[in-house]
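Shown next, in structure tokens, is the structure this report addresses.
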Amino acid sequence: MGVDISDLVEARKVALADLSGRSIAIDAFNTLYQFLSMIRQPDGTPLMDRDGRVTSHLSGLFYRSAALLELGIKPVYVFDGKPPELKRKTIEERRAAKEEAEREWKKALVEGDLKRALSKASRTAKLDSDMIEESLSLLDALGIPWIRAPSEGEAQMSHMVRKGDVWAGASQDFDAILFGAPNLVRNLTLAGKRRLPSGKTVDVSPEVIELADVLSRLEVSREQLVDMAILMGTDFNDGVRGIGPKKAYALIKRLGSLEDVRAEGKVLVPDEFEEVRRIFLEPEVTDVYSLEWDMVDHEGVRKVMCDKHSFSVDRIDAVLAKVLAKSDASAQRSLDSWS
DNA sequence: CTTCATAA
DNA sequence: TTATGAAGG
């Protein structure tokens, strides 16, 4: 979820190939949830290994990561740590929504309504600690670095972009903008198309959102953008009833800050606004990490994907062959540059 | 989601 | 070559 400021920002469409040579910190939870909700059979059943364990997240993580490497894009996955206390309510609401979706999925199946079944199933995605561990093993085997954030993954990712250790953060959520990431990539997907719940396909291409561009267009500071988000509602507070992006923008433009909005007395500013501000402006992050992209451990990938999780050896090998060809080529280029 | 096979 | 649908685990 996160904050929906899509109406307030402009994104620049890019081709995946334009991102070649860049390092990108990817919001791991956001990405894995995407895979878990989308990679399903027509009745909503996720992919599973021979032991009945869900493998949709591994399928997505493997094919996408391999393709990024092949394109010369250097991914680092950033996992969430302990959520801020203020997120508790959001987490509980999501859990309840998943249970409800689970019931509706089963109901739709009984009624034989496959379209509705798939749509409901996609909202039941759950990421457990085993799935996270499996994902980390796969990334290790692929030679892709990962980081466990002390708290919010998006905060950690944004911190790394701010420091210049990576070029951009990647997530479907806009929160990285509020956390101060200078560059955010959305729709970091391979296929240029996405199937909607309706069954229709729409073109989607990666897009870049620049924090500086957002702020200069709106003529606000990041602090003011965060204040707008608090009025609209974030993962850490309920928004003010009746206030969306337009009204939040108008209010902050006219009055300047939440203190001033409160002083005017017309809008009931959320009580916890100062704490939510601190989450976005002074988040808990770490500088203890190393970004190293290693050689792909072919045998290791096979172990995780094929031995443990029933993926086809042929398919895995075919993808790895392309990645290895690419890394051999770059190794050759760097050797050439010495001569 | 990405890949694969098949059709236009 | 591009579009579409089924399969993948």
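Atom set for the values below is all heavy atoms of this structure, side chains included, hydrogens, waters and symmetry mates excluded.
When heavy atoms are screened at a 4.0 angstrom cut-off, A/Ser312 is found touching the sugar-phosphate backbone but no base atom. Residue A/Arg315 is in sugar-phosphate contact alone, with no base atom involved, counting any heavy-atom pair closer than 4.0 Å across all strands shown. A/Pro46 comes within 4.0 angstrom of a base, heavy atoms only.
Screening residues 265-290 of chain A for ring-ring contact (aromatic ring centres under 6.0 Å, His included) gives A/Phe179-A/Phe280, A/Phe236-A/Phe280 as the qualifying pairs, with residues at least two apart or on separate chains.
Distance, A/Tyr63 OH to B/dC1 C1': 11 Å, rounded to whole Å. The CG atom of A/Asp314 sits 16 Å away from the P atom of B/dT3 (whole-angstrom rounding). The separation between A/Leu36 atom CG and C/dG9 atom C1' is 13 Å, rounded to whole Å. Rounded to whole Å, atom C1' of B/dC1 lies 13 Å from atom CG of A/Asn30. Atom pair A/Glu134:CD and C/dG9:C1' shows a separation of 13 Å (rounding to whole Å applied). A/Met305 places its CE atom 15 Å from the P atom of C/dG8, with the value rounded to the nearest Å. The CG-C1' distance, from A/Leu58 to B/dT3, rounds to 16 Å in whole Å. Protein atom CZ of A/Phe311 is 12 Å distant from nucleotide atom P of C/dG8, rounded to whole Å.
A salt bridge does not link A/Asp80 with A/Arg148: every distance from a Lys NZ or Arg NE/NH1/NH2 to an Asp or Glu carboxylate oxygen is 4.0 Å or more. Ion pairing of A/Glu152 with A/Lys87 is present here, as a side-chain N (NZ or NE/NH1/NH2) and a carboxylate O approach within less than 4.0 Å. We find that A/Arg302 and A/Asp317 are joined by a salt bridge, their nearest charged nitrogen and carboxylate oxygen being less than 4.0 Å apart.
Between A/Arg64 and B/dT2 there is a side-chain N or O to OP1 or OP2 distance below 4.0 Å.
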